[in-house]
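Everything numeric here is computed off the predicted structure, so don't read it as measured data.
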2 protein chains.
Amino acid sequence: MKNSAPFVEAVDTSYLETLIGYNARRAALSIIEVFLVRMAPFELKPVDFSVMTLIAHNPGITSRQLCHALGILAPNLVGLVNTLEKRGLIQRQPHPFDGRATGLHATQAGAELMQQAEEVASQLEMGTTPRLNAAERKTLMRLLQKIYKNE
Amino acid sequence: MKNSAPFVEAVDTSYLETLIGYNARRAALSIIEVFLVRMAPFELKPVDFSVMTLIAHNPGITSRQLCHALGILAPNLVGLVNTLEKRGLIQRQPHPFDGRATGLHATQAGAELMQQAEEVASQLEMGTTPRLNAAERKTLMRLLQKIYKNE
DNA sequence: TATTGTTATACTCTATAACTATA
DNA sequence: TATAGTTATAGAGTATAACAATA
């Protein structure tokens, strides 16, 4: 019979590790941690980067479309877009046939910044997943998209 | 020559989708969204669930060990643990040989709650990843752990 | 001197309600 | 009546500094 409470030497996380949600979140956070450091010179956080890359690749995209594509709420996008505009990275232009909407366009400076930032992003992905080969990376991408593209 | 600004019909997200960090975050969020709903009856958010499951599987685990295992900061754990204790799901006991530390233990009620909660968690994982078969799920788990267990 | 747990607090992220201009 | 964009604001999550008790 034991006289004292038990203590833990090595923490058993085996159950948690059977959950895809847990594993996906931990993996995402470990990559984002590096992302924040490597993107600091560009002053781009993950959301800023996502917004900028979508604008750069989709000239004339609207706020509504950005929100839908990235799963962010409209009121939270306003400040982001304003900041990017003040930094001279994007410009607003009237939507060609919907007077309520505004088309967002990358400026020359914005396009050049994103060319560099995307290069850094692609490189850091390799750095944060050094134990994955090209085939594993492709498989991982496919399986993750199978999950969130359901909806 | 065009007279009006371009507009976007279908948003091109192809570049973002080449990034594992982006895909992992989106997949995690889509699972967590369902998790929040299904765990509401247990009044357990993802972090509460993680903390409870580690305590249940590691009797006597300390706050320090929980923080390290889950990547959360000590000051943010205090409130969580206090709430779980007030709900009668866990108990604090003196650490057998370190007077600074406190061992955390699931109560009978806490153990029973977690048995149900873990069952629901495992089931909802299947529901949120209906297009993955057993082999794909296993592969996904392995690849994600290759990323965040590096550090 | 270092570590565990804690308090206080600030900062960021996310969510809701309500308004305007246009469709 | 519905939608795009906006404002104001509340709530949740995450971060740092500093302290008491113990090692």
Tell me the interatomic distance from [X], atom [atom1], to [N], atom [atom2], rounded to whole angstroms.
X	N	atom1	atom2	answer
B:H68	C:dT4	NE2	P	11 Å
B:I32	D:dA12	CD1	C1'	14 Å
A:H95	D:dA4	NE2	P	10 Å
A:L36	C:dT12	CG	C1'	12 Å
A:L77	C:dC13	CG	C1'	14 Å
A:Q93	D:dA4	CD	C1'	17 Å
B:D48	D:dG13	CG	P	8 Å
B:R25	D:dG13	CZ	C1'	12 Å

Inset, instruction - Classify the side chain of B:R100 versus the base of C:dT3 as yes if they form a donor-acceptor pair under 3.5 Å and no if they do not. - result: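 Yes.
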Inset, instruction - Could you tell me whether the side chain of A:D98 has a donor or acceptor atom within less than 3.5 Å of a complementary atom in the base of D:dA4? - result: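 Not at all, since no donor on one side and acceptor on the other fall under 3.5 Å apart.
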Classify the side-chain pair [X]/[Y] by whether it contains a donor and acceptor separated by less than 3.5 Å.
X	Y	result
A:E119	A:Q115	no
B:R142	A:N23	no
A:Q116	A:E112	no

Inset, instruction - Identify whether any heavy atom of B:A101 sits under 4.0 Å from a base atom; if not, whether one sits that close to sugar-phosphate; answer base, sugar-phosphate or nothing. - result: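 If one applies the 4.0 Å heavy-atom cut-off, B:A101 turns out to touch the sugar-phosphate alone, with no base involved.
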Inset, instruction - Check every atom of D:dA17, D:dG5, D:dT14 against the side chain of A:R64 and return the nucleotide holding the closest atom. - result: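 Out of D:dA17, D:dG5, D:dT14, the nucleotide with an atom closest to A:R64's side chain is D:dG5.
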Inset, instruction - Would you indicate which nucleotide in C:dG5, C:dA15, D:dG5 comes nearest to any side-chain atom of A:T102? - result: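 So the side chain of A:T102 is nearest to D:dG5.
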Inset, instruction - Any chance you could measure B:H95, atom NE2, to B:Q93, atom CD, to the nearest 0.5 Å? - result: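 Atom-to-atom, B:H95:NE2 and B:Q93:CD are 11.5 Å apart.
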Legend entry - Nearest-nucleotide 5' precedence on DNA chain D, B:G99 against A:N82: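 Of the two residues, A:N82 wins.
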Inset, instruction - Determine: side-chain N/O of A:R92 to OP1/OP2 of D:dT6, distance under 4.0 Å, yes or no. - result: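 It does, given that an N or O in the side chain of A:R92 lies less than 4.0 Å from OP1 or OP2 of D:dT6.
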Legend entry - Side-chain N or O of A:K45 closer than 4.0 Å to phosphate OP1/OP2 of C:dC13: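 Checking A:K45 against C:dC13: at least one side-chain N or O falls below 4.0 Å of OP1 or OP2.
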Inset, instruction - Please report the closest heavy-atom contact between B:E136 and B:R131, naming both atoms and the distance. - result: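 Looking at all heavy atoms of both residues, the shortest contact is OE1-O, 3.4 Å.
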Inset, instruction - Starting from the 5' end of DNA chain C, give me the residue, A:F97 or A:N76, whose nearest nucleotide shows up first. - result: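 That would be A:N76.
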